[in-house]
Every structure is written in C-alpha cells, then in structure tokens.
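Since the structure is predicted, the reported quantities are computational estimates derived from the model, not experimental observations. Every chain is numbered from 1, with letters handed out A, B, ... down the list of sequences. Values below: every heavy atom of this structure, side chains too, minus hydrogens, waters and symmetry copies.
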Number of protein chains: 2
Amino acid sequence: MEDHEGLKKTGLKVTLPRLKVLSIFENSKEKHLTAEDIYKEMLGGGDEVGLATIYRVLTQFEQAGLLIRHHFESGKAVFELHDKAHHDHIVCLQCGHVTEFVNEEIEKLQTKVAEEHGFRIIEHSLIIYADSIKKPCNHKK
Amino acid sequence: MEDHEGLKKTGLKVTLPRLKVLSIFENSKEKHLTAEDIYKEMLGGGDEVGLATIYRVLTQFEQAGLLIRHHFESGKAVFELHDKAHHDHIVCLQCGHVTEFVNEEIEKLQTKVAEEHGFRIIEHSLIIYADSIKKPCNHKK
DNA sequence: ATGTATGCAAAACATTTGCACCTGG
DNA sequence: CCAGGTGCAAATGTTTTGCATACAT
C-alpha cells in the first residue's frame, strides 16, 4: 500500500487520486486497464474524480516510468504497471485476457534484425492475437 | 492499374473513389498511409471526395482483405496493401518512415511460445521503434 | 430501375486543455 | 502561503453515422 515512496521519487505530489490509481493497478485482477476502466472503478468505490484527472495522472505516470501505455486494436489506450521486467503480450480473442511472456531468443533476434537494417532499438511491441486451444477459455473466471 | 479484378471479387461496386484509393496505395512511395494522407492526396489530385468516404472505403477494403490496418503509436490508424507476404515493421523515430522485415526464426518462436501458453496464433503485430544509426536518417528524401 | 455509394453535416468517441477553485507540503 | 493538482466544461482530433442525392449495373 505504501505507494508514497514510488510517487515521491517522481516529484509529483502525493494526492488522493494518484494513490488511488496506483492502488487500483496493484489490487486489480486485470493488470491491463484503460482510463475508462479506472474511472469507473473509482466512481464505483465512491471516489469523486474527473475523467480528465485520470488521463492526466496516467500520462504523468507513464512519463515517470511507473506505467506503460499500450495500443492494442481497441482504439483506446491500455496501461499496466511498469514494475516487472519487459515482456510481450498474447491477447486472447475469446475473452480479451492478456497473457504475458518473455522469450530471450526473440529479443536477441529483434536486436539483430534492427542492426541489419541500420537501427538501434529504443522500444518494441510484440502482440500476438490468438485463439485459446481450450474452449471455452477460462482466463476470466 | 487493373484493380477492377480485385475489387469485383469483393462484391463491392467499382467506383471512382475506390479505384483511386487503390491506385494511391499502389503508386505512392510511402506504403503506409492514414485516411487523412489519402484524403489530401485525392484533393490535391483534383478529386472531389469526402473524408467519410475514405474511411468507409478503407474499412470495407480491410474487411475484404485488400488492406491491413495498423495501430502504431500515433493515435491514427495506418493502412497498407495486403498483397505481399506477412512482414513486421521498424518505425524510424527520426522521420516516421516504416521499414518492413521478415524473420522466419522470430515467426517460429512466436508459434512455439503461443503453443506453450495454450494458444493458436490468429495474427500478430511486431513493431520496433528505433533510432537510425545514420544521422540524419535519409529515409524520406 | 434500384440497390449501393457518395458528400455533407452532425454525432460519437477518446483524449486534451482552459480556468476557477482546492490542497498538500 | 502558494505552486501544483483537481473538477468541470468546452475544445480537439479521429472516426462513424444519418440522410438526401447521384451513380453503377
């Protein structure tokens, strides 16, 4: 719960909306959330907050390195905590659940390919859209 | 130029805006275009067209399998022709130019990783955001 | 003819910004 | 106290939709 530490280091003031946003990311079962998701969660929890604040806080947290912003195919931005190591994503086409994975070989190959084309990787995004082999998938129960 | 064939097969009527959109994708130097890009190109070429039509045509072409829609980090959707084999993308952070590449090893590893997690890949998107080693980069000259 | 396509304007979304008020340090 | 944060409403930028007209077959 002591998010004060991480927050303070960013130079941002420790305010209620900011603590609440972090707490939602930490306690929610779904680790990948949109601004709207968080807004609804906070309203449901009885907090008085504006959607604009959520957007501002999410952007600040992204710039501070606390969150990562993703652009999946939904048209809305999705955020997740940036506390773990880098990883890529498998999006389940049945239920939308996001599975994380890391594959060092793929990482190395990317660096090699980029070099061959005269680039140095700053960042990358690998998203696999897939059917679950088990039907129905039970990711979200 | 004979796009009539591909178009007819989709069941869509062969109209001027549709032919023109295909022609732009085929003749443009930049292969990855936004709706706005195409709109401006058509206006500049003296065509009378509505932006709404562009969006409708792009969406229909995507559904028909003639185009692929990408969501890079720009907030706008980017389209490209779907005639070539599958490939991934390197986005140049200096100029925005998109370089295409294929790496069979990466493809195979993805399939393997997906299987290990109980998935069958339907589609995937690998986007590398990178600095050009040459500065200034001369992709867009 | 007749069902589709189109252009325009208005609507629908996601996100950002201006501004007066509030609040953490 | 006061710089920075917040809520609200209005603005923005992208994409979609309703509708009357125009066009392909």
Side-chain angles (χ1 to χ4, degrees), chain A residues 2-24 32-43 45-64 66-79, chain B residues 2-24 32-64 66-79 96:
Chain A
E2 271 302 316
D3 297 321
H4 301 235
E5 300 321 311
L7 247 185
K8 271 195 190 133
K9 270 190 274 187
T10 68
L12 298 168
K13 282 187 181 170
V14 178
T15 65
L16 221 44
R18 287 178 181 152
L19 285 172
K20 189 73 194 181
V21 167
L22 282 184
S23 141
I24 287 175
H32 300 78
L33 302 169
T34 65
E36 191 74 28
D37 289 339
I38 296 180
Y39 181 56
K40 285 196 202 127
E41 181 71 24
M42 287 178 74
L43 287 191
D47 293 286
E48 182 179 294
V49 73
L51 186 50
T53 300
I54 309 285
Y55 276 106
R56 275 186 290 236
V57 169
L58 288 174
T59 301
Q60 289 158 345
F61 283 4
E62 186 201 9
Q63 285 165 354
L66 269 54
L67 294 178
I68 299 179
R69 183 194 303 250
H70 294 287
H71 291 89
F72 297 163
E73 309 225 325
S74 60
K76 359 176 112 180
V78 174
F79 296 81
Chain B
E2 273 301 318
D3 299 321
H4 301 236
E5 301 318 311
L7 247 185
K8 273 197 187 130
K9 270 191 274 188
T10 67
L12 297 168
K13 283 186 180 169
V14 177
T15 65
L16 220 45
R18 287 181 181 149
L19 285 173
K20 188 74 193 178
V21 167
L22 282 183
S23 143
I24 287 175
H32 300 78
L33 303 167
T34 66
E36 193 73 27
D37 290 338
I38 296 180
Y39 181 55
K40 285 194 201 127
E41 181 72 25
M42 288 178 73
L43 288 191
D47 293 286
E48 182 180 293
V49 73
L51 186 50
T53 300
I54 309 286
Y55 277 105
R56 275 186 290 236
V57 168
L58 289 174
T59 301
Q60 289 158 346
F61 283 3
E62 186 201 8
Q63 285 165 355
L66 268 55
L67 294 178
I68 299 180
R69 182 193 305 249
H70 295 288
H71 290 88
F72 298 161
E73 308 224 326
S74 62
K76 4 176 107 180
V78 174
F79 296 81

Length of the line joining [X]:[atom1] and [N]:[atom2], which is rounded to integer Å:
X: B:Lys8; N: D:dA24; atom1: NZ; atom2: C1'; result: 11 Å
X: A:Leu16; N: C:dG25; atom1: CG; atom2: P; result: 11 Å
X: B:Glu62; N: D:dT15; atom1: CD; atom2: P; result: 12 Å
X: A:Gln63; N: D:dG5; atom1: CD; atom2: P; result: 12 Å
X: A:Gln60; N: D:dT6; atom1: CD; atom2: C1'; result: 11 Å
X: A:Ile54; N: D:dG5; atom1: CD1; atom2: P; result: 15 Å
X: B:Leu12; N: D:dC23; atom1: CG; atom2: C1'; result: 15 Å
X: B:Lys20; N: C:dA5; atom1: NZ; atom2: C1'; result: 18 Å

So, OP1 or OP2 of C:dT6: does either fall under 4.0 Å of a side-chain N or O from B:Arg18? yes

Flag, side chain of B:Arg18 to backbone of B:Lys13, donor-acceptor distance under 3.5 Å: yes

Does A:Leu16, at its CG atom, have more than 12 non-hydrogen atoms belonging to other residues, nucleotides or ligands within less than 6.0 Å? no

How far does [atom1] of [X] sit from [atom2] of [Y], to the nearest 0.5 angstrom?
X: A:Phe79; Y: A:Ile54; atom1: CZ; atom2: CD1; result: 10.5 Å
X: B:Ile38; Y: B:Lys20; atom1: CD1; atom2: NZ; result: 11.5 Å
X: A:Gln60; Y: A:Leu66; atom1: CD; atom2: CG; result: 11.0 Å
X: B:Glu62; Y: B:Arg69; atom1: CD; atom2: CZ; result: 4.5 Å

For a quick check, with a 4.0 angstrom heavy-atom cut-off, what is the B/S/- contact string for nucleotides 11-23 of chain C, read 5' to 3'? ---SBBBB-----

